[in-house]
Amino acid sequence: MEQLPAPGHSASIIDRINNWIRTSTMLKLAVIGFLVLVLLIPTSMLQSLIQEREATRDEATAEVSAKWGGQQVIGGPVLSVPYDVVTKDAKGQLQTETMFAHFLPDDLQFDGNVTPERRNRGIFVVMLYHTKLTIKGSFRKPSVTSLGLSDAAMKWDKAFLSLGVTDMQGIKNAITFRINNQTLEAEPGIPSADILPSGVSVPIKLDADTYRFESVVNLNGSTQLSFLPFGKETRVNLHSLWNTPSFVGSFLPDQRSITSQGFQASWKVLQFNRNFPQQGIGNFLTRANPNEALPTFGVKLLLPVDEYQKTMRSAKYGILFVILTFVSFFFVEILDRRRIHPIQYLLVGFAICLFYLLLLSISEHVSFDGAYLIGSVIILALITFYVRYVFQNTRLTILFSGILALLYGFFYSLLQLEDYSLLLGSFGLLLILGVIMYLTRHVNWYRGYASEEVTT
């Protein structure tokens, strides 16, 4: 008859299993790894929340811009002359289609003052501007023979000059053109959308060899002001009281000056710097490269601090922060022979994740630096209070809190030194690994505690 194990023997096996669970280093490492994976969920949710708040900010910007004026792109003026083309349809019947020959200016110059203006939509700041642009330039009398057209086919009496403005909502005053000492008032809309989809136009009488034009445009816009290089030589001169500009587009300014009082910038773009000719039929600007957008250049008025961008960069370091904190906890167990329960690991990990939520919410009301300081102090105090009861040791508590403070300072430095963050981060992680290797050089990993035979 089979004998059952003695009750004392079963209890001994259970005790050994429980003891192994409590003391196994490899099991604890596996549990810590699992907890890190668990904490990936709230960190990814935080990044999604940051993107959601940023999208809400963009919606507020779009709503205000729709009523004030969006990002403006100024193109032209362009001289256009219509002509008729007679074709046959599928049934052999004659049809007349009106097409346009377009001519770009020989020289083109923009001079403008950009006046920035902040508007608030709830807690969000929207960057707006008003600009007064003086536009000057000249055309030669157009010749259509090089386009394969005859003078007789052209409707010279219906020629017009057009100026492209992307958002007509931003036009604040009537636009007039002074052409060869004659003042003409522009009308909204452009008869042909070949070159410019929206803007104003003015009829022009072609009875001279050279046409000099001048116009003043008062325009509202938001965030960015750009220009199209339509002249054989296009010059742009801008100045503003805004001191955090970003020069954007296909061409950088030839000269620029940025001070605390504002910026000045000037561009010079030649026809050889772009890939389209000075005259053509229809939409000739993009015919050679239909998949490429027209080259533009200009300035973007940046807010001094984009709190969402910095918060997102900070949150991307979140899981690394959790790992380093758990490593600190783990070595307290190994080197000081203290047992820390996985739930205690998890609570500290959640506290670290909560820091990024505090950083996001506080940075919407104060500066990012202030939000980082407030959030780090709150979480550091919370974790210090908690681990004081976990460690039951003042020296270990101060040491652990000091390590956390150094980590907060280290990751803040990575955020500030954008150009050197990779270099600083690499050396920082190298230093951390070196310290860990030094502190664990006498650890017996099979037993999970420092060897008593070797002293430091």
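In what follows, residues are counted from 1 in the order of the sequence shown. Reckoned from all heavy atoms, side chains included, excluding hydrogens, waters and symmetry mates.
- Within 6.0 Å of CZ in Arg256 there are 12 or fewer heavy atoms belonging to other residues, nucleotides or ligands.
- The aromatic rings of Phe247 and Phe263 sit perpendicular, their planes meeting at an angle over 60°, well past the 30° parallel limit.
- Of all heavy-atom pairs between Ile135 and Pro77, the closest is CG2-CD, 4.1 Å.
- In this structure, Phe139 has its ring center under 6.0 Å from that of Phe213.
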Original post:
Would Ile171 and Leu219 satisfy side-chain contact (heavy atoms from CB on, under 4.5 Å), going step by step from the backbone distance to the final call?
Top reply: CA-CA 5 Å; Ile171 298 177; Leu219 194 64; 3.8 Å; yes

Original post:
Can Asp369 and Ser367 be said to form a side chain to side chain donor-acceptor pair (under 3.5 Å), step by step?
Top reply: CA-CA 5 Å; Asp369 294 344; Ser367 68; 5.5 Å; no

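- Listed here is the closest heavy atom pair of Phe276 and Pro229: CZ-O, 3.9 Å.
- In this structure, Phe251 has its ring center no closer than 6.0 Å to that of Trp267.
- With contacts defined as side-chain heavy-atom distances shorter than 4.5 Å, the pair Tyr345/Thr325 does not qualify.
- Here the shortest heavy-atom pairing between Thr384 and Leu380 reads OG1-O, 2.6 Å.
- Here CZ of Phe103 is found 11.0 Å from CD1 of Ile195. Values are rounded to the nearest 0.5 Å.
- The environment of Lys132 atom NZ is sparse: at most 12 non-hydrogen atoms of other residues, nucleotides or ligands sit within 6.0 angstrom.
- Side chain to side chain, Ser138 and Asp107 meet the donor-acceptor criterion of an N or O pair below 3.5 Å.
- A 4.5 Å side-chain heavy-atom check between Thr131 and Thr115 finds every atom pair outside the cut-off.
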**OP:** Before giving the answer on side-chain contact (heavy atoms from CB on, under 4.5 Å), spell out for Phe297 and Val269 the whole-Å C-alpha distance, their side-chain angles and the decisive distance to 0.1 Å.
**Re:** CA-CA 10 Å; Phe297 62 95; Val269 182; 3.9 Å; yes

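- The environment of CE in Met45 is sparse: at most 12 heavy-atom neighbours from other residues, nucleotides or ligands sit within 6.0 Å.
- Separation of the Phe355 and Tyr408 ring centroids falls under the 6.0 Å cut-off.
- Using a 30° and 60° split on the angle between ring planes, His102 and Phe100 fall in the parallel class, below 30°.
- Checking Gln264 against Ser266 by side-chain atom types alone, no donor-acceptor pair falls below 3.5 Å.
- Between Glu214 and Arg212 there is no salt bridge, since no side-chain N of the basic residue sits under 4.0 Å from a carboxylate O of the acidic one.
- Counting only distance, with no hydrogens or angles, the side chain of Gln224 and the backbone of Leu301 share no donor-acceptor pair below 3.5 Å.
- No side-chain heavy atom of Leu228 sits under 4.5 Å from any side-chain heavy atom of Ile74.
- Note: Trp242 CH2 to Glu117 CD = 11.0 Å, rounded to the nearest 0.5 Å.
- Heavy-atom minimum distance, Gln71 versus Thr166: O-OG1, 3.1 Å.
- Inter-residue side-chain proximity for Arg235 and Asp111 is flagged as unmet; no heavy-atom pair is nearer than 4.5 Å.
- Here the shortest heavy-atom pairing between Gly76 and Leu108 reads O-CD2, 3.4 Å.
- Leu39 is listed as a side-chain neighbour of Cys353, based on a closest heavy-atom distance under 4.5 Å.
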**OP:** Dump the intermediate steps for side-chain contact (heavy atoms from CB on, under 4.5 Å) on Phe227 and Val299, then the final yes or no.
**Re:** CA-CA 9 Å; Phe227 302 89; Val299 65; over 6 Å; no

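- Between the CG atom of Leu49 and the OG atom of Ser44 there is a distance of 11.5 Å, given to the nearest 0.5 Å.
- Within the 3.5 Å criterion, the main-chain N or O of Gly262 finds no donor-acceptor partner in the side chain of Asn243.
- Expressed to the nearest 0.5 Å, how far CZ of Arg53 lies from OG1 of Thr311 amounts to 11.5 Å.
- We find the OG1-CG distance between Thr394 and Leu399 to be 12.5 Å, quoted to the nearest 0.5 Å.
- Within the 4.5 Å cutoff, the side chain of Leu133 has no heavy atoms near those of the Val216 side chain.
- Shortest non-hydrogen contact noted between Phe230 and Gln278 is O-OE1, 3.5 Å.
- Formation of a donor-acceptor pair under 3.5 Å by the Asp167 side chain with backbone atoms of Gly70 is found in this model.
- With contacts defined as side-chain heavy-atom distances shorter than 4.5 Å, the pair Phe177/Leu163 qualifies.
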**OP:** Assess whether side-chain contact (heavy atoms from CB on, under 4.5 Å) is satisfied between Phe110 and Leu225, documenting all intermediate values.
**Re:** CA-CA 12 Å; Phe110 297 90; Leu225 174 64; over 6 Å; no

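- Between the CD1 atom in Ile352 and the CD1 atom in Ile379 there is a gap of 9.0 Å [rounded to 0.5 Å].
- Two residues are said to be in side-chain contact when any heavy atoms from C-beta on lie closer than 4.5 Å; Lys268 and Thr234 fail this criterion.
- Looking only at distances, no side-chain donor or acceptor of Ser201 sits under 3.5 Å from a matching main-chain atom of Ser162.
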